[in-house]
Amino acid sequence: MYLSALFNDFSRSYIQKLIDKWDVKVNSKTISKNLKIDNRDEIEIDIVLEKLDEILPEDLSLDIIHEDENLLVINKEAWINTHPVPWEGGNSNTLVNGVLFHCKDNLPTIWGVERPWIVHRLDKDTSWAIMIAKNDKMMQYLQTLFKERENISKYYLAIVHWIVKNKNFTIESYIGRDPNNRLKMTTTNSINPKIAISHWEVLGYIENKFSLVRIKIETWRTHQIRVHMASIGHFILWDTTYWNPKINIEMKTRYQLKRQALHAYNLKLKLYEKEFSFIAPLKDDMKRLIPEELMIKI
């Protein structure tokens with residue numbers, strides 16, 4: 001099924017339920033499960049999660065970077081879903097559950113409804129700094145920042161295979177869906193390609209076989225960092241989508257690394273007429289790989 005390959009977070013049965021409920025449209029028309037999809041078709045999926053009153057607060061011991069009356073910034077753990085995911089067992093052990101517990105005495109109100117508003121998101125197995133708006137005004141302001149890409153910068157840390165010889169470089173290419181594998185993005189012969197720009201700085205080397213790099217992205221494309229590094233032969237450690245999983249076995253057995261070595265560690269933005277820099281310290285699984293002399297460069 002095309003849709004289950006394109007939207008790989010969804011199970012086949014869940015997509016089938018959406019089709020049966022007319023929650024999937026192609027070119028603005030409801031469809032049957034047997035419809036054949038063409039490359040230029042526009043697909044809309046309306047996903048309605050469980051009502052918020054069915055999502056219970058949970059004490060997840062959130063790693064809080066910053067909090068005020070308008071904004072909450074959290075250093076999210078990898079492997080924790082941001083929102084409740086029906087096809088992964090429902091509405092527990094997610095960031096939303098943790099925020100509901102943390103804000104139980106001052107629950108955010110967005111559009112007149114009490115709910116935590118997650119402003120942005122990344123791959124589930126990437127650890128990162130994430131912002132939660134606590135009222136309408138902050139939500140609208142942050143949405144505008146992210147949409148216009150002005151007065152906001154995002155920086156990442158990654159550990160990649162092999163020695164990257166160029167200390168500073170920029171990758172600029174088009175990225176789109178891989179026509180041969182709907183689970184992947186690619187820089188060549190892609191479907192619906194869009195320009196992607198990443199700036200890279202090599203901070204140092206690990207055991208003379210890995211490179212620690214810092215990345216600033218100008219554009220925010222799906223899998224952008226992972227695809228750009230794969231395109232030049234420097235795959236991110238434990239990236240099972242763009243690198244042979246067998247090569248990653250050492251990461252799990254020797255270094256106890258069980259997810260891609262990518263961390264969104266710094267958000268810089270203009271807030272309250274001031275410049276803010278929210279830093280999310282590296283998680284322990286990535287820190288284990290980095291020698292002390294490199295840690296001081298981060």
Side-chain angles (χ1 to χ4, degrees), residues 75-79 121-129 153-176 178 181 183-188 190 195-267 279-298:
N75 187 3
K76 177 189 167 295
E77 297 285 350
W79 300 115
R121 59 190 303 173
L122 289 175
D123 298 333
K124 177 182 175 182
D125 54 351
T126 298
S127 52
W128 45 300
S153 300
K154 298 171 71 174
Y155 296 83
Y156 296 74
L157 292 171
I159 303 173
V160 303
H161 282 280
W162 324 132
I163 299 300
V164 182
K165 295 182 178 180
N166 293 331
K167 295 292 186 178
N168 296 276
F169 60 100
T170 295
I171 299 178
E172 181 173 348
S173 70
Y174 284 89
I175 289 178
D178 189 332
N181 185 339
L183 305 182
K184 300 173 67 174
M185 308 298 284
T186 182
T187 58
T188 58
S190 61
I195 194 66
I197 304 172
S198 307
H199 303 288
W200 303 78
E201 177 188 2
V202 177
L203 299 180
Y205 306 115
I206 302 171
E207 296 185 0
N208 204 35
K209 59 181 178 180
F210 308 131
S211 299
L212 175 64
V213 295
R214 177 162 45 209
I215 312 106
K216 178 184 178 183
I217 56 174
E218 281 193 30
T219 54
W220 303 350
R221 309 302 180 201
T222 301
H223 295 181
Q224 176 174 325
I225 294 174
R226 298 160 66 190
V227 172
H228 270 171
M229 289 311 289
S231 72
I232 62 172
H234 293 284
F235 306 87
I236 293 178
L237 269 60
W238 197 239
D239 187 340
T240 56
T241 300
Y242 296 99
W243 188 232
N244 188 335
K246 293 181 179 179
I247 303 297
N248 286 304
I249 291 177
E250 182 185 14
M251 299 301 101
K252 184 175 182 180
T253 57
R254 182 177 178 186
Y255 301 105
Q256 292 79 52
L257 184 66
K258 300 178 182 179
R259 52 96 177 189
Q260 61 201 25
L262 181 62
H263 178 70
Y265 88 107
N266 190 199
L267 278 170
I279 295 178
L282 275 172
K283 298 299 182 180
D284 289 342
D285 56 352
M286 284 184 63
K287 286 175 64 176
R288 281 195 295 266
L289 278 76
I290 303 173
E292 291 185 7
E293 59 268 24
L294 291 186
M295 286 295 299
I296 61 176
K297 294 184 178 182
I298 295 175

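What's counted below: heavy atoms across the whole structure, side chains too, no hydrogens, waters or symmetry copies. Keep in mind the model is a prediction, meaning the values are calculated, not measured. Starting from 1, each residue takes its place in the sequence as its number.
Here the side chains of Ile197 and Thr170 are in contact, with some heavy-atom distance below 4.5 Å. You'll find the side chain of Leu183 stays beyond 4.5 Å of the side chain of Thr241, heavy atoms only. Within the 4.5 Å cutoff, the side chain of Met286 has no heavy atoms near those of the Leu237 side chain. Residues Ser127 and Arg259 form a side-chain contact, since some pair of their non-hydrogen atoms from C-beta on lies under 4.5 Å apart. Two residues are said to be in side-chain contact when any heavy atoms from C-beta on lie closer than 4.5 Å; Ile163 and Lys209 fail this criterion. For the pair Val164/Trp200, no side-chain contact is recorded, criterion being any heavy-atom separation below 4.5 Å from C-beta on.
Contact detail for Leu294 and Gly204: the closest heavy-atom pair is CD2-CA, 3.6 Å. Scanning all heavy atoms of the two residues, the minimum distance from Leu257 to Ala261 falls at CD2-CB, 4.0 Å. Shortest non-hydrogen contact noted between Ala264 and Ala280 is O-CB, 4.1 Å. Annotation for Leu262 and Arg226: closest pair CD2-CG, 4.3 Å, computed over non-hydrogen atoms. Across every non-hydrogen atom of His263 and Asn75, the tightest pair is CE1-OD1, 3.4 Å. Closest approach of Arg214 and Leu203 over heavy atoms only: NH2-CD2, 3.4 Å.
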*Check the pair Ile236, Tyr242 against side chain to side chain contact (heavy atoms under 4.5 Å, CB included), reporting the backbone distance first and the verdict last.*
CA-CA 8 Å; Ile236 293 178; Tyr242 296 99; over 6 Å; no
*Please step through side chain to side chain contact (heavy atoms under 4.5 Å, CB included) for the pair Thr222 and Ile175, ending with a clear verdict.*
CA-CA 8 Å; Thr222 301; Ile175 289 178; over 6 Å; no
*Take Glu218 and Gln224 through the side chain to side chain contact (heavy atoms under 4.5 Å, CB included) test and state the conclusion after the steps.*
CA-CA 10 Å; Glu218 281 193 30; Gln224 176 174 325; over 6 Å; no
*Start with the C-alpha distance between Asp285 and Gln256, add both sets of side-chain angles, then the distance that settles side chain to side chain contact (heavy atoms under 4.5 Å, CB included), and finish with yes or no.*
CA-CA 7 Å; Asp285 56 352; Gln256 292 79 52; over 6 Å; no
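Summarising the geometry, atom NE2 belonging to His199 is positioned 9.5 Å from atom OG belonging to Ser153; distances are rounded to the nearest 0.5 Å. Note that the CD atom of Gln260 and the CH2 atom of Trp243 stand 15.5 Å from one another [nearest 0.5 Å]. Atom OH of Tyr156 and atom CG of Asn266 lie 11.0 Å apart (nearest 0.5 Å). Put simply, CD1 on Ile298 and CG on Leu157 are 5.0 Å apart, with the number rounded to the nearest 0.5 Å. Atom OG of Ser211 sits about 8.0 Å away from atom CD1 of Ile206, to the nearest 0.5 Å. Atom CD of residue Glu77 and atom OG1 of residue Thr126 lie 13.0 Å apart, to the nearest 0.5 angstrom.
The main-chain N or O of Lys258 is found under 3.5 Å from a side-chain atom of Trp238 such that the two form a donor-acceptor pair. Counting only distance, with no hydrogens or angles, the side chain of Thr219 and the backbone of Arg221 share no donor-acceptor pair below 3.5 Å. Judged by distance alone, the side chain of His234 and the main-chain N or O of His161 form a donor-acceptor pair under 3.5 Å.
Heavy atoms from other residues, nucleotides or ligands lying under 6.0 Å from NZ of Lys283 number more than 12. Crowding of Asn168 atom CG: a count of heavy atoms from other residues, nucleotides or ligands under 6.0 Å exceeding 12. Atom CD of Glu292 has 12 or fewer neighbouring heavy atoms from other residues, nucleotides or ligands inside a 6.0 Å radius. Other residues, nucleotides and ligands contribute only 12 or fewer heavy atoms inside 6.0 Å of the OH atom of Tyr174.
Pairs engaging residues 165-175 under the salt bridge (charged side-chain N to carboxylate O under 4.0 Å, His left out) rule: none recorded [sequence neighbours left out].
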